[in-house]
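What follows is a set of notes on a single structure, which appears directly below.
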Amino acid sequence: MRPIRLPEPPTGTSGMPDIFEGGVYSVVRRAVIIGNGSAGAENQCVGLVRALGLSDKQSLFRVTRPSGGVNEWLHWLPVSLHKTLYHLLRRICGESRITMTARSNKLAPFPSENGFNLGLSSVLEADAKHIAKLARETFEKEGPLLVVASGRDTISIASSIKRLASENVFVVQIQHPRTRLDRFDLVITPRHDYYPLTPQGQEQIPKFLRGWITPLEPPDEHVVVTTGALHTADFAALRNAASTWHDELSPLPKPVLVVNIGGPTKHCRYGADLAKQLIYSLENVLEGCGSVRISFSRRTPPKVSKIIMNGLGSHSKVYIWDGEEPNPHMGHLAWADAFVITADSVSMLSEACSTGKPVYVIGAERCKWKFSEFHKYLKERGVARPFTGKENISESWSYPPLSDTAEAARQVREAIARRGWRLK
């Protein structure tokens, strides 16, 4: 089996029995994740909780918004104001007249491969008062509660939990909340979130919008700055994936090139043009590849996937995942010899760059603002290179792998220790 070049995760503390170390009141044994329904945001929370050793005692709550009709125009509002306005409009106009259909409170189960244990989640909708009450009432029996949230819609919930149960919780907010960092015990954010504070960033953002989309102050003691996104692709997860996918992926001719294709965003715009560029570049390197495995994300436009399938689907060296379960993503991370990844996805790039294997990026020149800064930093660190179609895929080059999740977990442990608590 090909060795997986990953940093070893930090080892947990092995201390004395709880009775000698402050009892149950000082031991964090459980975690609540506040999600927003976005796989990218929730995956960061799950990755951090796993790195902290609490994945068997984690629970998921989600912040949901009304959807359909006029609601699609109200998503820029704070979630609480959006819900208030929705209920007011429904009472005045009637739901059918304004074609507003609220999202169901029945939430889809989190993927089982993440080992998710719903545990505390008897209430599916994230309610700050309920979670704070839960933390207070179970503190003497269960000890402190770790709360990990990610995404704009979770900010008010997480900060309210901190305000309502400050003596019983430790609150971590992932992604920059822009202002008032003291509302949380810790904020974890990529360095490119601070790009708007640079002179270049200030030039790109109209002054009247800066308060909405930029951090209002530089990092302080509440902030852990990462290179990319947190994720679940740690050493243990990839080792398990290598074993799970051994029979299918280990016999593939080498080198194995994995191509992960995301989808255009407002800061990384592309379409058929990038698909054609990718086909041309892949055709140029196919001779030096043993196998090529291509996967699309849920954001990939049909026109992009169709062009790529028509252009490469019949090639004997190319396999295109059809979207049916099981998803080979973790197996690809474990068994690939090199990656080509579209520039739009910070998450996919962060995962691949944590393996220490060659990572090539296509479409970075189409990105702007802080995403351009992210790609620039990866290139300067030697972590990723542009994909031009002139590469020798059998060439193996290495770099210090990104270890953002492990490093963030280490700093969370230290912050909890300063609080006088410890993680089990």
Exercise. Do the numbers put Arg413 on top of the ring of Trp421, so that NZ or CZ is under 6.0 Å from the six-membered ring centre and no more than 45° off the axis?
Worked result: no

Problem set entry | Ionic contact status for Glu373 with Lys370, cut-off 4.0 Å | no

Exercise. Can the ring centroids of His246 and Trp335 be said to lie less than 6.0 angstrom from one another?
Worked result: yes

Exercise. Taking Tyr377 for the side chain and Ser372 for the main chain, is one N or O donor matched with an acceptor at less than 3.5 Å?
Worked result: no

Exercise. Judged by atom type as modelled, is there a donor-acceptor pair below 3.5 Å linking the side chain of Ser354 to the main-chain atoms of Glu351?
Worked result: yes

Exercise. Side chains of Val361 and Ile341: does their closest heavy-atom pair fall under 4.5 Å?
Worked result: no

For this session: Decide yes or no on salt bridge (charged side-chain N to carboxylate O under 4.0 Å, His left out) for Arg178 and Asp193, but give the supporting numbers first.
Result: CA-CA 9 Å; Arg178 294 194 295 273; Asp193 271 359; over 6 Å; no

Problem set entry | Under 3.5 Å: donor-acceptor pair, side chain of Thr300, backbone of Gly262 | yes

Exercise. Are Phe61 and Asp127 close enough that some pair of their side-chain heavy atoms sits under 4.5 Å apart?
Worked result: no

For this session: Could you tell me whether Arg293 sits above the aromatic face of Tyr319, with NZ or CZ closer than 6.0 angstrom to the six-membered ring centre and within 45 degrees of the axis?
Result: yes

Exercise. Do the side-chain N and O atoms of Gln411 and Glu407 include a donor-acceptor pair separated by under 3.5 angstrom?
Worked result: yes

Problem set entry | Modelled atom types, side-chain donor and acceptor of Glu125 and Thr64, under 3.5 Å | yes

Problem set entry | Arg191 vs Thr227 side-chain heavy atoms within contact, under 4.5 Å | yes

Exercise. For the rings on His332 and Phe339, is their centre-to-centre separation under 6.0 Å?
Worked result: no

Seminar exercise, completed: Rounded to the nearest 0.5 angstrom, the CG-CD1 distance for Leu146 and Ile416 is 5.5 Å

Problem set entry | Main-chain N/O of Ala229 paired to Ser350 side chain as donor or acceptor, under 3.5 Å | yes

For this session: For Asn36 and Thr154, indicate whether the former's side chain and the latter's backbone hold a donor-acceptor pair under 3.5 Å.
Result: no

